[in-house]
Every structure is written in C-alpha cells, then in structure tokens.
Amino acid sequence: MKKQKILLVGGSGYIGTHIYLALIEKGYDPVIFDNFYNSSEKKVKNLEKFINSDVNCFIGDILSASDIEKVFEDNNFSGVIHLAALKSVPDSNKDYINYYKTNILGLINLIHVMNKYNTKRLIFSSSATVYGENAISPVNESMKTFSNNTYGLTKIIGEDILENTCKVDKEWSAISLRYFNPAGSREYDLLREEPKKSAGNLFPIIENCLLDKDKKFNIFGNDYKTPDGTPMRDFIHIDDLANSHVLALMKLETDTNYYNAINIGSGKPRTVLEIVKKFEEITNKKLNIVFNERRENDIGSSYADISLAKKELGFEPAHDLDSICRSSIKV
Ligand SMILES: NC(=O)c1ccc[n+]([C@@H]2O[C@H](COP(=O)([O-])OP(=O)(O)OC[C@H]3O[C@@H](n4cnc5c(N)ncnc54)[C@H](O)[C@@H]3O)[C@@H](O)[C@H]2O)c1
C-alpha cells in the first residue's frame, strides 16, 4: 500500500523533527516545509543522519501562498500538521504585527492552498497559553480561552478559524492540540532543542546554567500556593507530544468533519525547584539558584487535565520526569 504523505509545516523545528520521527515509525511519508527562520539546514541534515535516509524538505515561507502551492503541486497530501509560528510571549507584544502575519495570515494562506488542492485535514499546534493566567489548574478544554499577550491571542484566533472552517465546510476536519511544556529529545546531539531565537523555555535555560557554574539560575516567585512555593508546570516528553500528532491524524482518518481542541500534557504537575533537583541529581552538579520576585502575569500553577486526549485519541504519556530530564542534557 502507498504510504500517506503528510505535510509538516514548520517541520524542521524542535517539535517538527520529533513528529517527523513519529510519522515514519508509523509508516507515513512526511514532507517538511520551512523557511529556517528558527531552524536550519543543519537540523535537516541531523535528522537525515539520525534516520540514515534522505528527508524531503521544501524551503518556503507560509506568508507566500505561491511557496505553499509549489509543495502541493508536487505532492498529494492526505493531511497537514501546522507548526510554523513565532512563539515568544514577550516578543509577541513588541513585535505584534509580525506575530499577526506569521501566526494568523500564515494559517489563512495554508487553508486557502489546502482548499485549492482539496486536502482538508489539519492538526494545529496550539498552546496552553490559551487558558490565560487566571485559569484554575488542572485546566480542561471546556474552560473559556483568554489571553493578555499577542502570542496567546494568535493561537486563540487560529483555533477559532479552524473551528469555523470545520463548521462552514463539512469536508474539513481539524484538531487543535494545546501543548503544555514539551521538553527532552530523542537524541541529544542531533535533535535537541536548539532555537536561533530564545523563547525562554525552562529546560534550555537550566542546561546553560549547568554548563556554566557562574551563571545564575533565576526562579521567579517562591511564595506561590504550590508544594515548595515555586511555579508549577506540566512538562511532557517530546516523543509523547510527537506521538499525539499521529493519534490525532488517525482520528481524522476515521471521523469526518471533526473538530476539537485537545490538551496535550503529562497531566502531572512539577515545580521548578523539583525539576532543578532532578537535574542536580542526574548531573551531580549544583545550580546557582537566585530567588526573585514573581514576574508580572506569571501563573503559580498551570497543568493539564488530559482526560479528553485519553478519551478522544487514546493518548497515554509513556515517559516520566527522569526520562525527560536525562534526554535534555548530555549526561
Ligand atoms: N515549544 C514549546 O514550548 C511550545 C509550546 C506550545 C506551543 N508550541 C507551538 O508549537 C509549534 C512548534 O514549536 P517549536 O517549539 O517546534 O518551535 P520552532 O521554532 O522550533 O519550530 C517552528 C518552525 O517554524 C518555522 N517557521 C517560522 N516562521 C515560518 C514561516 N513564515 N514560514 C515557514 N516556516 C516558518 C521555523 O523556522 C521553525 O523551524 C509552534 O506553533 C509553537 O507556537 C510550542
């Protein structure tokens, strides 16, 4: 049987390369589309080295409908996974026009071309940010979405556009996956998170501090209502997150005109201090911790209720915290 072709938009980034692996392992034929804004040709070469095979990668910009068309002209896709976005919360308020363009116009361009080529099945990378800072955890999908930053707003708008598309065009199916905090890697040297533009993710920051003992590791707030007072988050192993995309694609293969927004996390909250201790235990090194005031608009606790993912997708995270941390550093 011919393998199903899946377009991975933004597929050479941190999450995309891991989804690529999950897809080939399940017998799909992925094609990457990326402009290397936050990745590089080297990342694609690393992926090729890891799988010991060529990767089909098309260099193009989602802001150009003709770039997207070129990849559709050459391929017959059965579905699309859309990851390309700008993703820094603080930058998104300063650089809001570019966030509107890439994250919203990019999605509209993609839907437009997908319609032209009659590929009406999409998995969208959304984020836990859509719950805003006042939501009480564990958060579930029936809660109202809200954002006071431009990044979160673009994800809410993206979800709304897809929900409406599925409502007004019965040939369409889509799932918005609301990621919590992906971390770790399948293979440290070749596939670790190595962004050109820092998004301020916790794990790469800890790694940098472990490599330089003089570097201070800042924890913002130690008086939250959490077990040790430091902020509590939901970290999910990148391979578990990647697998959820395969499950979502399979869902859309069986259910037509389906739309849902679904949390993808571990469902197990961890404090920042707990993560730090785990890294210290694994590496036998001490971090130079500095406690600071809470940051404006930061939440004490944010973690997922993953019962909908279990019910709708059969999702079950396989990795524990130890495995997430060990795969994030060179031990
Ligand atoms: N990493 C996280 O913690 C996290 C959490 C929640 C949601 N997300 C979402 O998941 C998606 C992927 O995140 P990631 O961590 O892999 O980020 P990433 O930056 O590593 O990957 C995004 C990819 O999109 C590409 N891209 C950006 N603009 C483009 C454009 N105009 N045209 C074509 N390609 C473009 C980048 O070059 C990059 O390779 C994003 O949509 C992000 O908002 C990420």
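Read the numbers this way: they start at 1 and go in the same order the structure lists the ligands and their atoms.
- Residue Gly13 has at least one N or O atom closer than 3.5 Å to an N or O atom of ligand 1.
- In terms of polar-atom proximity, Leu63 is not counted as a contact of ligand 1, lacking any N or O under 3.5 Å from an N or O of the ligand.
- Under the 4.0 Å criterion applied to side-chain N and carboxylate O atoms, Lys310 and Glu316 are assigned as salt-bridge partners.
- Contacts between Ser126 and ligand 1, counted as non-hydrogen atom pairs separated by less than 4.0 Å, involve the backbone only.
- Ligand 1 has a nitrogen or oxygen under 3.5 angstrom from a nitrogen or oxygen of Ile62.
- Heavy-atom separations between Asp34 and ligand 1 include at least one value shorter than 4.0 Å.
- Annotation: Pro182 places no N or O atom under 3.5 Å from an N or O atom of ligand 1; distance criterion only.
- There is no path of hydrophobic side-chain contacts, each under 4.5 Å, that joins Tyr179 to Ile156.
- Between Glu159 and Arg178, at least one side-chain nitrogen of the basic residue sits less than 4.0 Å from a carboxylate oxygen of the acidic one, meeting the salt-bridge criterion.
- Considering backbone and side-chain N/O atoms, Asn35 comes within less than 3.5 Å of an N/O atom of ligand 1.
- In summary, the aromatic rings of Phe291 and Phe220 are positioned with their centroids too far apart to meet the 6.0 Å limit.
- At a 3.5 angstrom cut-off on N or O pairs, Thr102 does not count as close to ligand 1.
- Residue contacts with ligand 1: Lys155 is included, with a non-hydrogen atom under 4.0 Å away.
- Considering backbone and side-chain N/O of Tyr151, one or more are found under 3.5 Å from N/O of ligand 1.
- Taking a 4.0 Å cut-off on heavy atoms, Ser12 registers as neighbouring ligand 1.
- Residue-to-ligand polar distances place Lys87 within reach of ligand 1: an N/O pair is separated by less than 3.5 Å.
- Within the 4.0 Å heavy-atom cutoff, Ala128 does not count among the residues contacting ligand 1.
- Checked by distance only, ligand 1 and Glu193 stay at 3.5 Å or farther apart across all their nitrogen or oxygen atoms.
- Neither the backbone nor the side chain of Thr129 has any atom closer than 4.0 Å to an atom of ligand 1 (non-hydrogen atoms only).
- Under the ring pair (Phe, Tyr, Trp, His ring centres under 6.0 Å) rule, Phe33 has a single partner from Phe58, Phe72, Tyr20, which is Phe58.
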